[in-house]
Amino acid sequence: ASRILGMGDVVSLVEKAAAQVSDEEALKMQEKMKKAEFDFDDFLQQAKLVSTMGNLAGVAKMMPGLAGKVDVSQIRAAEARLKKNEAMICSMTKQERRRPDLL
């Protein structure tokens, strides 16, 4: 019923995320974000995590407020940007990925 009302399916989204990430990994990432130490490797890991949960359209449908408000062209554009970002990150040296301030 909540999906029909545009509230998404948060429970399924959380279940999918929990299936992909261990509690230990989630805590480690949380600490990095709190300390503003999120780097390009972390971004790449998060992008890959989302892609293992399904396509962006499917993930967006599960998010409250996004269901039905994001059209296919927006999803395609976001997926294309993610691929470009991944290619740019993969072309960086390990040091550049770990220390974004170098750029």
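Fair warning: this is a prediction, and the values are worked out from it, not measured in the lab.
- Residues Arg98 and Lys94 meet the side-chain proximity criterion, which asks for heavy atoms closer than 4.5 Å.
- For Leu44 against Glu86, the heavy-atom pair with the smallest separation is CD1-CG, 3.3 Å.
- In this structure, Phe40 and Met92 have side chains that are in contact, with non-hydrogen atoms separated by less than 4.5 Å.
- Using a 4.5 Å heavy-atom threshold, the side chains of Glu24 and Leu27 count as separate.
- Taking 4.5 Å as the limit, some side-chain heavy atom of Leu82 sits within range of a side-chain heavy atom of Leu56.
- The side-chain hydrogen bond (donor to acceptor under 3.5 Å, both in side chains) analysis of residues 38-51, with sequence neighbours excluded, yields the pairs Lys32-Asp42, Asp41-Arg97.
- Listed by chain and residue number, Glu31 satisfy the salt bridge (Lys or Arg N to Asp or Glu O under 4.0 Å) test with Lys34 (two or more places apart in sequence, or in another chain).
- Contact detail for Phe38 and Pro100: the closest heavy-atom pair is O-CG, 4.3 Å.
- When the side-chain contact (heavy atoms from CB on, under 4.5 Å) test is applied to Asp71, the partners found at least two apart in sequence or on another chain are Ser73, Gln74.
- In this view, Asn85 and Phe43, Met88 satisfy the side-chain contact (heavy atoms from CB on, under 4.5 Å) rule, not counting sequence neighbours.
- Closest heavy-atom contact between Ile75 and Ala57: CG2-N, 3.7 Å.
- When the salt bridge (Lys or Arg N to Asp or Glu O under 4.0 Å) test is applied to Asp23, no partner is found at least two apart in sequence or on another chain.
- By the criterion of side-chain heavy atoms lying less than 4.5 angstrom apart, applied directly or through intervening Ile, Leu, Val, Met, Phe, Trp or Tyr residues, Val72 is not grouped with Val59; the two fall into different hydrophobic clusters.
- A 6.0 Å sphere centred on CD of Gln30 holds more than 12 heavy atoms belonging to other residues, nucleotides or ligands.
- With sequence neighbours excluded, the residues that form a side-chain contact (heavy atoms from CB on, under 4.5 Å) with Ala77 are Arg81.
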